Amino acid sequence: MATTLPRNAQVAEQFDLLADLLELEGEQQFRVLAYRRAADTIRTSGSPIAQLAVEGKAKDLPGIGQTIQSKIVQIVDKGEIEALTKRKSTIPAGVADFLRIPALGPKTARRIWQDLGIETVDDLRKAAEAEQLRTLPGLGAKTEERILKALDETPVEQRTLLAVALPAVLAVVEVLREHKASNEVSEAGSVRRRTETVKDLDIIATADDPGALTAYFTKLRWVAEVEAKGKTKATVVSHDGLRFDLRVVPPDAYGNLLQHFTGSKAHNVALREDAVRRGLSISEYGVKEVESGEVWTARTEEELYERLGYRWIPPELREGRGELKAAANGELPPLVETGDLKGDLHMHSTWSNDGKNTLEEMVEAAKARGYAYVAVTDHAHYLREGRFDAQFEEVEALNERLSPFRILRGIEVSIRVDGSLDFPDDDLVKCDWVMASLHSAFEKSPTERLLSAMEHPHVDCIGHPTARKLNRRQGVELDLDRVIAKGLETNTFLEINSQPDRLDLRDTHAKRAGEAGLMLAISTDSHELGALDFVELGIAQARRAWLTKDQILNTRTWKQIERLKKS
DNA sequence: GCCGTTTTCGGCCCGACTGTTTTCAGTCG
């Protein structure tokens with residue numbers, strides 16, 4: 001039974017742990033890295049990896065070869081990778097936890113364990129307090145101090161949602177731009193790539209007087225703590241706990257630095273590997289011809305990528321997922337933009353109990369944004385006993401007043417455990433647009449339930465398909481390929497939900513859907529006026545999924561959509 | 001352990017910072 005196979009997250013976890021333990025054994029780093037890369041691939045893959053491995057197809061994925069595939073099969077057969085079982089018996093579980101402590105890497109962890117016989121985090125704390133760690137050569141008082149400090153800090157780190165980080169960074173960028181010492185200022189790092197969550201918030205700048213700019217930065221009113229401050233680099237923490245990194249760099253190499261600090265790591269590694277093969281060595285300071293020793297710099301990213309033989313790559317694509325090859329061949333997709341959207345197909349009003357604004361307010365705001373249509377999709381269970389028709393009267397009246405703007409009669413139904421919908425077919429048939437979503441019992445055969453909903457003659461789109469909540473719950477593990485295939489077969493679309501803690505489908509999954517030829521709807525699932533702005537997050541997610549205007553359903557007029565949907 | 005318009009074997013990114021050091025290993029981004 002497919003449902004008894006281990007989930008991707010569980011498989012990935014085993015490879016990550018195996019990598020940790022091998023590292024503690026002093027295994028060569030490339031082997032360790034291979035397991036970590038495989039874990040990453042598995043975690044973000046849209047296909048059930050265990051199923052693929054059993055069928056011998058897992059090794060088609062990047063970073064997974066024959067060996068790792070057979071280790072996945074071992075998990076299916078025995079519950080655990082054999083090599084992992086073996087290592088667990090020789091390496092104490094507590095020692096692996098040492099690696100979670102910042103600044104404590106595998107080499108040091110191993111010596112603490114082997115040379116001092118320390119096997120638990122508790123004993124590590126005691127040893128540090130008793131000043132025993134400094135008996136090891138290379139370790140001193142500072143290291144003990146650092147370990148104790150790290151152990152006192154809250155262990156689980158929550159990542160900051162892009163919706164919080166992005167406006168915060170842009171505001172600081174704006175403030176720094178206004179300072180007279182600054183020249184160019186830009187957000188960088190994961191915020192610039194628009195990843196769904198971020199850790200640190202990176203900003204880079206050029207300045208006539210770098211020291212003046214960093215000094216100004218560390219004295220901004222919202223700064224709660226200055227962690228580091230030099231002439232060209234400063235780290236501060238805001239009162240709401242966000243950590244900002246500012247680096248000030250010389251203008252001649254601004255392109256090199258912006259590129260470097262935008263990342264991602266995987267993108268930069270791939271870029272440098274390519275360069276090495278051509279006798280070039282890339283760093284944040286320039287590109288060196290190894291033979292001649294000549295270094296050249298770039299004032300802009302465009303110039304840098306061009307001289308390396310690539311088209312400029314939008315930051316959202318820089319994840320080491322084939323963007324370099326595409327850029328070299330001139331095959332980068334023209335990514336969808338916010339202005340391409342003609343309407344929003346998922347929003348709520350006070351007709352849903354959790355809606356904060358009236359239908360009229362929501363619709364007026366959507367119209368003011370320049371949309372040509374919206375679908376008001378209140379929850380089905382609030383539209384019983386005459387409320388469904390009552391709402392429609394309001395929609396009709398508004399349509400008359402706002403024409404040619406169009407309010408579509410929509411609804412969001414829940415998919416029950418048995419795959420049926422929580423609203424009668426006789427009423428669904430009256431709707432222009434039906435969203436179907438999982439709202440409960442997430443563990444109960446989610447794939448089958450989605451497939452069943454998609455076969456329903458009136459369901460147009462699946463809302464937040466994996467039902468994940470960032471920082472709160474992992475989404476359901478879908479057999480994405482079957483869901484996509486069903487979408488193509490039945491003309492049912494999938495959503496990219498723009499809610500800050502949903503962003504569902506995630507980037508890699510949306511990319512697969514796009515590659516398969518299934519169109520996606522970018523919608524906000526707004527429950528209040530301000531949430532309409534979240535569409536920017538959905539667009540960012542779609543761009544990270546390599547999607548073009550044509551692959552997004554609601555870049556079309558409602559007339560065009562009507563021709564594409566079922567029935 | 002993975003992978004291939006220089007390779008099925010021999011590679012697999014770059015630099016800064018830190019703590020502990022007389023020249024560097026380990027860690028991090």
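Remember, it's a predicted structure, so these values are computed and weren't measured experimentally. We name chains A, B, ... by the order of the sequence lines, and we start the count at 1 in each one.
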Determine the contact category for [X]: base if any of its heavy atoms lies under 4.0 Å from a base atom, sugar-phosphate if only primed atoms, P, OP1 or OP2 are that close, otherwise nothing.
{"X": "R146(A)", "answer": "sugar-phosphate"}
{"X": "K71(A)", "answer": "sugar-phosphate"}
{"X": "A141(A)", "answer": "sugar-phosphate"}
{"X": "I64(A)", "answer": "sugar-phosphate"}
{"X": "K142(A)", "answer": "sugar-phosphate"}
{"X": "V269(A)", "answer": "base"}
{"X": "Q29(A)", "answer": "nothing"}

Spacing of the [atom1] atoms in [M] and [N] (rounded, Å):
{"N": "dC2(B)", "M": "dT6(B)", "atom1": "P", "value": "23 Å"}
{"N": "dC17(B)", "M": "dC12(B)", "atom1": "P", "value": "26 Å"}
{"N": "dT5(B)", "M": "dG1(B)", "atom1": "P", "value": "23 Å"}
{"N": "dC13(B)", "M": "dT18(B)", "atom1": "P", "value": "25 Å"}
{"N": "dT27(B)", "M": "dT21(B)", "atom1": "C1'", "value": "16 Å"}
{"N": "dG10(B)", "M": "dA16(B)", "atom1": "C1'", "value": "29 Å"}
{"N": "dC14(B)", "M": "dT20(B)", "atom1": "P", "value": "29 Å"}

One thing to verify: whether [Y] and [X] come together as a salt bridge, which I'm taking to mean a side-chain N less than 4.0 angstrom from a carboxylate O.
{"X": "R37(A)", "Y": "D40(A)", "value": "no"}
{"X": "E145(A)", "Y": "K149(A)", "value": "no"}
{"X": "R544(A)", "Y": "E196(A)", "value": "no"}
{"X": "K78(A)", "Y": "E82(A)", "value": "yes"}
{"X": "R7(A)", "Y": "E477(A)", "value": "yes"}
{"X": "R134(A)", "Y": "E131(A)", "value": "yes"}
{"X": "K199(A)", "Y": "D245(A)", "value": "no"}
{"X": "R512(A)", "Y": "D507(A)", "value": "no"}
{"X": "K265(A)", "Y": "E319(A)", "value": "no"}

[X] and [Y]: side chain donor to acceptor below 3.5 Å:
{"X": "R192(A)", "Y": "T262(A)", "value": "yes"}
{"X": "Y310(A)", "Y": "N329(A)", "value": "no"}
{"X": "D252(A)", "Y": "T297(A)", "value": "no"}

(message) Both distances below 3.5 Å, Watson-Crick or wobble geometry, any strand: find the nucleotide opposite dG19(B).
(response) dC24(B)
(request) Could you tell me whether the side-chain ring of F30(A) sits stacked on the base of dC2(B), using a centroid cut-off under 5.5 Å and a plane angle under 30°? (result) no
I need the [atom1]-[atom2] distance between [X] and [N], as an integer number of Å.
{"X": "D16(A)", "N": "dG1(B)", "atom1": "CG", "atom2": "P", "answer": "16 Å"}
{"X": "R37(A)", "N": "dC3(B)", "atom1": "CZ", "atom2": "P", "answer": "10 Å"}
{"X": "N256(A)", "N": "dC13(B)", "atom1": "CG", "atom2": "P", "answer": "19 Å"}
{"X": "D245(A)", "N": "dC17(B)", "atom1": "CG", "atom2": "C1'", "answer": "13 Å"}
{"X": "I147(A)", "N": "dG26(B)", "atom1": "CD1", "atom2": "C1'", "answer": "13 Å"}
{"X": "R36(A)", "N": "dC2(B)", "atom1": "CZ", "atom2": "C1'", "answer": "16 Å"}
{"X": "R277(A)", "N": "dG10(B)", "atom1": "CZ", "atom2": "P", "answer": "17 Å"}
{"X": "R31(A)", "N": "dG11(B)", "atom1": "CZ", "atom2": "C1'", "answer": "17 Å"}

Nearest-neighbour nucleotide for the [X] side chain, [options] considered:
{"X": "Y35(A)", "options": "dG26(B), dG1(B), dC14(B)", "answer": "dG1(B)"}
{"X": "R272(A)", "options": "dG26(B), dC13(B), dT7(B)", "answer": "dC13(B)"}
{"X": "P106(A)", "options": "dC2(B), dC12(B), dT27(B)", "answer": "dT27(B)"}
{"X": "V276(A)", "options": "dT7(B), dC13(B), dG26(B)", "answer": "dC13(B)"}
{"X": "E273(A)", "options": "dC12(B), dT27(B), dT20(B)", "answer": "dC12(B)"}
{"X": "T143(A)", "options": "dT20(B), dC13(B), dG29(B)", "answer": "dT20(B)"}

(request) Using a cut-off of strictly less than 4.0 Å between a heavy atom of the residue and any atom of DNA chain B, enumerate the qualifying residues of residues 116-139 of chain A by number. (result) G138(A), L139(A)
(message) Contact list please: residues 278-293 of chain A against DNA chain B, heavy atoms, distance less than 4.0 Å, in numerical order.
(response) S281(A), I282(A), S283(A), E284(A), Y285(A)
(message) Using heavy-atom distances to pick each residue's nearest nucleotide on DNA chain B, tell me which of I68(A) and G105(A) is more 5'.
(response) I68(A)
